[in-house]
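All values reported here derive from a predicted model rather than from experimental measurement. Proteins get letters first, then strands, A, B, ... in listed order; numbering begins at 1 in each.
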Amino acid sequence: MAKNLVIVESPAKAKTIEKFLGKDYTVKSSIGHIRDMPKKDMGIDIENNFQPSYVVSADKKKVVADLRKSVKTADQVYLATDEDREGEAIAWHLLETLNLPKDTPRIVFHEITKGAITEAITSPRTVDYQVVDAQQARRVIDRLVGFEISPVLWRKISGARSAGRVQSPVVRLVVEREREITKHTTQSIYKVKAELVNDNGEVVDVKLSKDFDSKDEAVVFTTALLDAKLSVSAIEKKPSKRSPKPPFITSTLQQEASQKLGFSVKQTMTLAQGLYREGSITYMRTDSFTLSETAIEAAGAVIEKTYGSDYHQVRRYKTKDAGAQEAHEAIRPTDLTRPEIYGLEDQAAKLYALIYKRTLASQMSDAKLQRTQIKTNISNRDETFVANGEILVFPGFLSVYDYLSSDDKLLPDLSQGDELTLVNFAARESFSRAKPRYTEASLVKKIEEMGIGRPSTFATMVSTVQDRNYVTKETREGVERAFQLIEINEGKVEQSEPIENAGAEKNKLFPTSVAYLLTDFLVKHFGDIVDYKFTANLETDFDTIANQGVVWQSVVKEFYGPFHAKIEAADDISREETHGMR
DNA sequence: CAGTGAGCGAGCTTCCGCTTGACTT
């Protein structure tokens, strides 16, 4: 019978670890957090030094009951929740709820490999109360912000139901982007492209070194070109290289799956969850670029065997993000000898293949390129025609990832002084574009850069702001727009005004009218909460709790004083005022 | 006389982060 009980967060993880540990160990999971403050009330005794009250969540009653049973029959319990702020807190909640002794061993590992787990068992520590306290400060502040501002909104802004440390800056981003787009005035310039040909009939695509501001200038140039002699004035060749990107983390997986496969953020996470559960990939909610050494070796072996050692380069990626907590590995296949999964739902198979390729590519050598630039002199003008070519000399990682053969722009072998003839010419009006609207994936990227939100919440966050009716995802058809076109046909300058479709949007995020009102209200009365640096500043405070033993209540108190004063002040604002704002 | 509608009052909403399925749109 098993004497040792190990408790982790994820059931899928529990299964894998149980295999590694053998018969003497039972591995159970908490399925995330087991306790929280009550759903309905504030659950914080503000007068009494912000004492939070915790209750076992309704959907975890069974889990806790089951764990209690297992604890009874075990000789030794190990708390093996993730090594990050939330994981430490879960370990503490387990300790309290299951009445475990304070010195219950706490073990941690950052990868699910046999080596990492057996190593962890031999070097236990105890629960780190400073880290737990940092989590409590985080939790209490989030509750205070959400539960004090939201009721103010119910009274002041019809349609506004909620505000929070994360969701409100997210809404603000979408609103501000839309305002920029509204303010944008399109300006037009004239871009010149041409096809030149040498004596052998080889064609070179060129563009002009300068754009024109007006149609008149473009016409003057085009007319001059009719009598011009074109000759190669300079050829410049230089080697360049491209390096692979690091393996996937949650946000980059969401990005690439959105761009390359057209998946929504939620869709990606659901598919990844399936792959994780069946053991095909590592954990999908992570902010770490790290690959385990066993994975690095396995990838290397596959690369050497399939492509040869020239294609292999061991790389270890480090995060630049100060807020990353790195409790897990990067997202990778668990078996690197398996490039594809057959008999699987189509979309999951595509996502797996993407993850496989990205992982393998991250351990491959640079692609080597030869860039060539050819400048062509125009006898009666100062501008020059420029042709850029790029030849793939050695594919390296591009053999498996990101390779588009159309990228290879081959230029004919020309020499300085070669005469060229114009065969095709177009100067077309092109319009300046406003910044693009966010997609779900680009919004996630943006908030991650700002250090707001965590990998486990990226997907729910983009759906929360839509559920609250602050943001809508829309596909809009463009409108017809005329543009000026100048061409050369049979030795004559010809002008026309064709129509193009402009401003079409697919699955882009738009703010609702409530979002404008809400954002303006929050910026005016709770500027620090919707400040994009709010979370980052809090993180520094949480670090002082975790690392320097600062009392968590002092951090909460310092925040709450000025914050609550603003709540009181906001209550005096008349509803008319909030409706006059726009 | 029956059906309509204005007006009033009561009850409800809410945060972020960690995990999965179950269960509706």
- prompt: Which one, B:dT19, B:dC16, B:dG21, comes nearest to the side chain of A:Arg165?
  reply: B:dC16
message: For A:Gln466 and A:Glu440, which I'm curious about, is there any donor-acceptor pair between the side chains at under 3.5 Å?
response: yes
field: Most 5' of A:Lys39 and A:Arg35 on DNA chain B, judged by nearest nucleotide
entry: A:Lys39
task: Counting heavy atoms from C-beta on, name the nucleotide in B:dG17, B:dT13, B:dT19 closest to the side chain of A:Arg161.
output: B:dT13
statement: Out of B:dT20, B:dC16, B:dC18, minimum distance to the side chain of A:Asp36 belongs to B:dC16
message: Of the options B:dC15, B:dG17, B:dC18, whose atoms approach the side-chain atoms of A:Ser162 most closely?
response: B:dC15
message: Quick check on B:dG17: is either OP1 or OP2 less than 4.0 Å from any side-chain nitrogen or oxygen of A:Ser456?
response: no
message: Please pick, from B:dG17, B:dT14, B:dT20, the nucleotide with the shortest atom-to-atom distance to any side-chain atom of A:Thr457.
response: B:dG17
- prompt: With a 3.5 Å cut-off and no angle check, do the side chains of A:His110 and A:Glu83 form a donor-acceptor pair?
  reply: yes
- prompt: Just by distance, do the side chain of A:Ser442 and the backbone of A:Tyr438 share a donor-acceptor pair under 3.5 Å?
  reply: no
message: Go nucleotide by nucleotide along DNA chain B from the 5' end; which of A:Gly87 and A:Met37 gets its closest nucleotide reached first?
response: A:Met37
message: Under 4.0 Å from OP1 or OP2 of B:dT19: is there any side-chain N or O of A:Arg285 that close?
response: yes
Nucleotide of B:dT14, B:dC16, B:dC18 approaching A:Glu9 most closely (side-chain heavy atoms): B:dC18
Contact under 4.0 Å: A:Ser10 side-chain N or O vs B:dC18 OP1/OP2: no
query: Less than 3.5 Å between a donor and an acceptor, one on the side chain of A:Arg138 and one on the base of B:dC16, is that the case here?
result: yes
query: Tell me: CH2 of A:Trp92 to P of B:dC18, nearest whole Å?
result: 17 Å
query: Which part of the nucleic acid does A:Gly32 contact within heavy-atom distance under 4.0 Å: base, sugar-phosphate only, or nothing?
result: base
message: Expressed as a whole number of angstroms, how long is the span from A:Met284:CE to B:dC18:P?
response: 12 Å
query: So, is A:Gln273 close to the B:dT20 phosphate, meaning a side-chain N or O under 4.0 Å from OP1 or OP2?
result: yes
message: So, OP1 or OP2 of B:dT19: does either fall under 4.0 Å of a side-chain N or O from A:Arg454?
response: no
query: Are A:Arg316 and A:Glu293 within salt-bridge range, i.e. N to O under 4.0 Å?
result: yes
Side chain of A:Arg139 (C-beta onward), nearest among B:dC16, B:dG17, B:dT14: B:dC16
query: How would you label the contact of A:Asp59 with the nucleic acid (heavy atoms, under 4.0 Å): base, sugar-phosphate, or nothing?
result: nothing
- request: Consider the side chain of A:Val166, meaning its heavy atoms from C-beta on, and name the nucleotide among B:dT20, B:dG17, B:dC15 that approaches it most closely.
  value: B:dG17
message: Could you tell me if A:Arg139 sits above the aromatic ring of A:Tyr54, with its cationic atom closer than 6.0 Å to the ring centre and no more than 45 degrees from the axis?
response: no
task: Find the distance A:His93:NE2 to B:dT19:C1' and express it as a whole number of Å.
output: 14 Å
- prompt: When you check the side-chain N and O atoms of A:Thr294 and A:Ser292, is any donor under 3.5 Å from an acceptor?
  reply: yes
Sugar-phosphate only, base, or nothing, as touched by A:Ala163 at under 4.0 Å among non-hydrogen atoms: sugar-phosphate
message: Tell me whether A:Trp154 and B:dT14 count as stacked here, given that the ring centres must be under 5.5 Å apart and the planes must differ by less than 30 degrees.
response: no
query: Atom CD of A:Gln136 to atom C1' of B:dC18: distance rounded to whole Å?
result: 16 Å
query: What does A:Arg143 touch in the nucleic acid at a heavy-atom separation under 4.0 angstrom: a base, only the sugar-phosphate, or nothing?
result: base
message: Side chain of A:Pro11 only, heavy atoms from C-beta on: which candidate in B:dC18, B:dC15, B:dT20 is closest?
response: B:dT20
task: Could you tell me the separation between the NZ atom of A:Lys266 and the P atom of B:dT25, rounded to a whole number of Å?
output: 13 Å
- request: Using the ring of A:Tyr129 (Phe, Tyr or Trp, six-membered ring only), decide whether A:Lys102 places NZ or CZ under 6.0 Å from its centre and within 45 degrees of its axis.
  value: yes
query: To the nearest angstrom, how far is A:Ile452 atom CD1 from B:dG17 atom C1'?
result: 15 Å
statement: Separation of B:dC12 atom P from A:Leu153 atom CG, nearest Å, is 20 Å
- request: Grab the CG-C1' distance between A:Asn469 and B:dT13 for me, whole Å please.
  value: 14 Å
Phosphate OP1/OP2 of B:dT19 contacted by A:Tyr283 side-chain N/O (<4.0 Å): yes
- request: Name the closest nucleotide to the A:Gln167 side chain, picking from B:dG17, B:dC15, B:dT14.
  value: B:dC15
query: What is the nucleic acid contact for A:Phe458, judged by heavy atoms within less than 4.0 Å: base, sugar-phosphate only, or nothing?
result: nothing
